[in-house]
Structure formats: C-alpha cells, structure tokens
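See below for the structure under consideration.
Here the structure is a predicted model, which means the values were calculated and not measured. Order of the sequence lines fixes the chain letters, A, B, ..., with proteins taken first and strands second; residue numbering starts at 1 for each chain. As a basis for the values below, the full set of heavy atoms in this structure was taken, side chains included, without hydrogen atoms, waters or symmetry mates.
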Amino acid sequence: MVWHHLFLLDINHEKVNGEPEIRLWGLDDTGRRILVFDKVFRPYFYLVLEDDADPEDIGRRVREDRDFIASVESVEAVNRRYFGKSVKTLRVVCRDPDETAKLASHMSKMKGVKMSLEEDIRYAQRYSIDKDVYPCGWHLFEGKEVKNETSASVDKVYFLTAPPKPIEKAETPSLKIMSFSIVCYSKKGSPKPDRNLVVIVSMANNRGETKQFVSKGTDDGGVLKSFVKYVEELDPDIIAGYGSNSHDWPYLLERGKRAGVKLSVDRSRTEPHPSLYGHISITGRANIDLYNYAEDFEEVKVKTLENMAKYLGVLKDEEEIEVEDAEVADYWDDPLKRQTLLQRSVKKAETILRVSESLLDYAMQLSNIVGLPLDYVGAAAVGFRVEWYLIRQAYKIGEMVPSRKENPYFPYVGAIVLAPKPGIHENVSVLDFKSMYPNIMIVYNASPDTYIEPGEPDPPGGVFVAPEVKHRFRKEPPGFYKQVLSDLIRIRSHLKIDLEKTKLGSAEYKVLDARQRAIKVITNASYGYTGWVGARWYIRPVAEATAAWGRYTIKRAIELAKETGLDVIYGDTDSFFVKYDPKKTGTFLRKVEHELSLEIRPDVTYERVFFTEAKKRYAGLLPDGRLEIVGMEVARGDWAEVAKHMQERVLEIILKEQSPEKAVDFVRWYIMDLRNGKVTYSDLIVWKTLTKPVEEYKVNTPHVEAAKMLRKEGWNLTIGDKVGFVIIKGKGRLYERVLPYSLAKYDQLDLEYYEEQQILAAAIRVLSLFGKKEDDLKPRYSPGLSNGIRLGSEKQLRLM
DNA sequence: GCCTGATTTCTACCA
DNA sequence: ACTGGTAGAAATCAGGCG
C-alpha cells in the first residue's frame, strides 16, 4: 500500500445497493482530482442508560428485537461523559443513515434507557469528526487505487485501507475557481423562474478566461446547456457566486426543469441540491456564495457586490458593474444599452472572482477550524460555527453532544456602560481587557459541565461563586469551555508569533493571518453562544455568571484606576478610556493583572476625543490624523449619506481645527447646497432593513411602506432585504410621504425633511456641545427660495 | 378634532 | 438562527381641552 495526499474539498455520502458509503472529494499533492471511498464506516447514535440498568441486558434486547434486527449492525457498551459526568451508554451502529433518527426514537422508549443522543449528527459530518478529517486540510491516507466505475469526474479513485490522518501543511493546492453571474429578464418586477428567461450567464475563472452565454430572447435552454457544458469542461473545484444560494441556483434549477435541461454541474452528474443552512450543495465541488461572507463585514452597510468589491479594493471606485434590477429590461430591450448590460455582466463575474480570491484564505481557514465543508461554513450562522467547533472538541474528550431542544427565553443582566464625560478631551488612552469573556470563563472555570445546580452540595475541590447572581462552578477539573477556549487562545497566540517571523504579503502569511482571524471569530462568539437559547450547550447560568464576572471585573478595574490616580472618562463592557499617563497606567495594569488574573492592555491613544452625553457614541482623532467615529450617525447605515458626510466633516473640523465656528459655517454652506439642489439624488436615499415579513409590522414605518409599494410593482422582498426610500413633499406622516427611491424624481423630494431631520439633526448632535442651537446652523438667507423650496410651514418661514 | 407628553415600536449600533 | 445595553426617530397612545 502507498500513502497518498488528500486535500479535502467536499464530503458526502451515497447509498449504493442499499449500502452507505462515504465519499471524500479533493486533490492530491500533484494537483490531481481524487475521490476516496470509505465503505466501512457506519452511522451510529448513543443510548444513555439508567444508572441501575444492565448494559449487557439492554444490548441483548436491542440486538434481538425483530423490529431492529435488519437495521442494526452492532451494539456495544461504551463509557462516555455527559455534562462532565460519566455515564453508561450503548453505541448503536446502524446500517442506514436515513434510519438513525427513527431507531433512536424507538429505542429511547425502552425500559432502562434514559434517552438517545447524537442521532441528529449527519453521517458525513459524523465521519469527518470521528475520523479526524478536516475540510480544507491536508491528510495522508492509505488506499488502493481502483477503476473509476462511478460517474464521478475525477482523475483517480481510491478505496481507503486505513483512515486518513491530518497533517500540517500550510500551503493550499492550486484550485480551479470559477465565478458566475446571471441576468434574468422580466418586463416588470422581480423575474419569476416560472415564466421569465435567463438571458445572460457570465463566467470568469482564475486562469484569466471569461465566457458569456446569451439567449436570443425566446428561450434559455441553449444558454443553460452551454453553461452546464462549460462547467463540465472547466471542471472547477470552487464555484463562486454572489447571492447564488438564495437566487441564482434556485432560478437556474427551475429554468432547467422547465427547459428540460439537467443542471449536472457537479462531479457526480447530479444536480445542485439544497442542503443545511439554506446552502446549495454541488457534490465534489465547493459552491460558495460570497454574499454569506458580506455579513462578516459590518463596515459595508448596503451589501451589494459592488460595495463589497470596492471595500475589499478589488474594484475601482469609479467602476460600475451593477444594473439596477428595475432597469434590466430596459437595457436588454435597447440594442445599444444591451452592450452595456453584457459588459457589466462579465465584469460582475470577474468581480465575483476577485472577491472570492480575496476572501478564500479566510473562508478556507474557517472551514478547517470549524470542521464544516467550505461551502457550508459560509452559510452557517455564527452560533452554528461555534457549535460545530465545540462538537468536534467534545468528541475528542469523550463528551456527548446534547440534543437541540426548545429553551424558554429569559433575558439576563449584561455588561456595564459608564456615562461619558461630555466634551473634548486631549490625550486619552483606551485600555482593553483582552478577550474578556472567554478569559473569564477560563479563570472561573465557567462551563456547562462545571455548573453546580442549586441544592447540590459544594464539591471537595471547592467552587467559584459568581458575584450578584451567585451561580457556582466547580474549580476542578477544568471544564469543557475552559479546555476549548484555552486551546483557541493558545493556538492564536502561537500563530501571531509565527506571523511575525513570516514575510508580510507572502502566501504563507496570508494563510496564517486568515487562520488567526478565523480563530478570533470563534473565540469572540463563544460567550454569546453560551447565552443563546438555541444552543445545544445552553445553560443560562453560565452566560449570566460570565456577564456578572464581567461587571465585577470592570468595576474593580475602575476602582483600581481611580486609586492609582487615573482620570476615567468613559467605559463600556471590557474597555475604558483614561487620561494619558504612562507611568500611572503601567502601575495600574500590573495591579489589575495581579488582582484579577486577566490581561489588560493599552490599545490606541487618541490625540483628542469627543463625547456627547450619550453612551456608545464618540469620535477620536488618532495620532496618524485619521478619525475614528463610533456609534454616531456617520457610523450608521440608516441615515442619508448627505447627513453622514456632513457630520463627518463637522467632527473633523471640531477635532482637528477645534473651531465650532468653522463647523457652523460649514453646515450652513452644506444646507445651502441642499436647498440649491446640488446634492446628488443617491445621497438622499435612506436605507433600512426589513427585519420581518411586511405583514407582521405593528406600526406604519417609511421603509415598510416603501416595501409595500415595491411589492405592488412586482418585486419580491423578504426578511433581510434593505429598502432604499426617499421622503417626498406632501401632507401627513413620513410613511405617507415615502417612495422607493426607484419610483421618485428629484423634484418630488421634500428637501425640508432632509434639512431638518437629517442634516440639522446630525449636526446639532455634535454642535450642541458647543452651545449651538439649530437656528445658528441655518443659512441666513435662501437664494434657492424661488426655485423649488417649498415653504410648507410657519417654522420654515421663520427661519428664512 | 387637535395638541402634547408618555409609551411603544423599530433599527442599528457597541462591546 | 451568538448576548445584553443603548440611542434615537417615528408612530401611536392617552388624556386634556373645549
């Protein structure tokens, strides 16, 4: 037997003649596409037995039950842990992965059986956990090469003769990446796959080629066929799209069904299929939807491909790749404009490729650490990413995974926020507790398996008692979370040390950096996970106690800061702002670390920082001259650009030039421009997210009203969509004067609203701290009066 | 029916 | 479909007035 390399891209299972088999898809170290079979591994679940039950006896009953005999492969007694306690269990190995849930449910009702566990861990995932196999990671395996008797399009096929072993290998193989983007034609409203054609499919790949298939406008069967053929020939490892899980793939599949074209774009000649977390699986390849990753970039407020690409620096600011949904038909129908549409569509595919290249290192590292295949991990919400990581770690220490159940939601008290000292402060240092919550869980051993329920006696090793809430956690042995979190933090700090020794910008640097970022994401989400009612390991007191220790920690730190003579200006959760004083700060840091066993570190020092009276809002001037604006309108996605831009300049003037007078002047000029119609239309659009279905809103709001209008026009709008609207002239409430931005004209706009409720509101937030009133910010005269400014109210007349 | 202040609803932010 | 704390706008409610 020979050892072979495997870089794992995808893992799935098939049933062949009723026998399940695991298929590992990937590449070897020579770049060949390989498929590796494991026909031996079988799915299983656990039966947890009553303390006084006899495992032998129950095992026999399971084995001999005629209802089970055909489905059960074997039963063995094993000792596992559940919430840290040793329990007697039976491992029931099944023949068919589709039957585990049903079998578990039947057997859990047997006498002497408390419950079943882990029947809901899917077969392929089970395999990768148990065999220590990692997506986006290298392995060595021993296998026998066999003839490719499947329909799989790969270079080599192997049967495993020994399980794969993960190996350390930082470089990623050279993967073939293909991106695609489709254009669907609908005269009016959202294209409907039951009647509207796919008129353009554009593709790009990382070999520098682009390709486009265009319909003649009468059917799209040909386009679909060409697309499928192209994918088959190119045989990409990764297919990237933007919004492809929710839109492109479902659309293509439906069109394919209607046109009689089988979308066999995967490596086993089947069609893409819906899978976990709303993701579409393409067997043998990784189908990634970059829109999923846009969620991780909270700086990008409206998550269009164009905005993402520009943020990532793979598209120039002046480049346009989008055609508004509402205008697609227009472009298609006009022979001249159609050229633009075709060009932008290719450009879009190329942009998707560029974005994928810039995100792929991170995505692959996340996949590798979490242990979910590359394409699933993006689609999985943060809570599930943490959970799959935990599940893998639990397996390693013999801890069984709790079943997901419905927990009632009771909120608990969280962090402390100090009221800031309003105004401008010079030289202010920000001090941060490093990963405060994870470290609290480590220091106080707070974990689902160390929690001691009320009424239970203290264990001999002693307990940590959380302040205020008084929850107890055993000091020994180290809990599940403590182990997991210490590992994550330790691995990350090693990575950071390695990074310093690695050449900046090199491929290895990018991978290591992506890895440490992925670890950070998981670590930082761990506290939130403990308080999530949907979590498998949800134990409310763990979250509540961690928060309580957090409050204690920052309170105590502030006391120590004051004792040391530091001037505390503001604080929030795990950080606080003090007047710069390196000597006292040094003393203070040592005191904190000594007393609290938590590391606290100076972060930035602002040359100047500005606070209003509000918490969670401030603006600081960094030593390099940049502004850091936190929480204020500038940082928000639901204010018109006009107000944000104005406020940013005001803050800049205040912090750099320290001249409120100049800022006032600036605001006046700004308002003049608005009144004179010099502000771009797009800067007057307000964007808000639909957080629930349109019908479920209890009150009328502008964005919901705008959404309803769009819906009447035939556009699909769902939860999570951003609605762009403008306020127009007229009578009544805002929601009675709103239009989706695509349905309004500039001269309909209520500029008074933008002046008062957007610009002035955002300006006064800053300038009221310098004694300014709204009236001070208004221009003294209005040259724009005659052309288009509506004098709608007495108030408006007065200001003129 | 109109005005006003209090309360509720909603979104998006910070840590 | 990770947590709680928070600001702020707008809608809506409740009560007074007449």
Expressed in angstrom and rounded to an integer, what is the separation of [X] atom [atom1] from [N] atom [atom2]?
X: A:K615; N: B:dC14; atom1: NZ; atom2: C1'; value: 12 Å
X: A:R385; N: C:dT3; atom1: CZ; atom2: P; value: 15 Å
X: A:K301; N: B:dC13; atom1: NZ; atom2: C1'; value: 7 Å
X: A:I416; N: B:dA15; atom1: CD1; atom2: C1'; value: 13 Å
X: A:E696; N: B:dT8; atom1: CD; atom2: P; value: 21 Å
X: A:R551; N: B:dA15; atom1: CZ; atom2: P; value: 19 Å
X: A:N407; N: C:dA1; atom1: CG; atom2: C1'; value: 14 Å
X: A:K405; N: C:dA1; atom1: NZ; atom2: P; value: 20 Å

Closest listed nucleotide, where the reference is the side chain of [X] and the choices are [options]:
X: A:A614; options: C:dC2, C:dA7, C:dA10; answer: C:dA7
X: A:W532; options: C:dT3, C:dT12, C:dG4; answer: C:dT3
X: A:Q757; options: B:dA12, C:dA10, C:dG8; answer: C:dA10
X: A:D638; options: B:dA12, C:dC2, C:dT6; answer: B:dA12

Between A:E648 and A:L651, is the side chain to side chain contact (heavy atoms under 4.5 Å, CB included) condition met? List the steps.
CA-CA 5 Å; A:E648 187 170 17; A:L651 286 165; 5.9 Å; no
Using the P atom as the reference point in each nucleotide, state the distance between C:dA1 and B:dC10 in Å, no decimals.
15 Å
How far apart are the C-alpha atoms of A:S275 and A:Y376, what are their side-chain angles, what is the distance that settles it, and do they pass the side-chain hydrogen bond (donor to acceptor under 3.5 Å, both in side chains) test?
CA-CA 8 Å; A:S275 178; A:Y376 286 37; 2.9 Å; yes
Between A:K421 and A:F611, is NZ or CZ placed under 6.0 angstrom from the six-membered ring centre and within 45° of the ring axis?
no
Is A:D683 salt-bridged to A:K644, cutoff N-O under 4.0 Å?
no
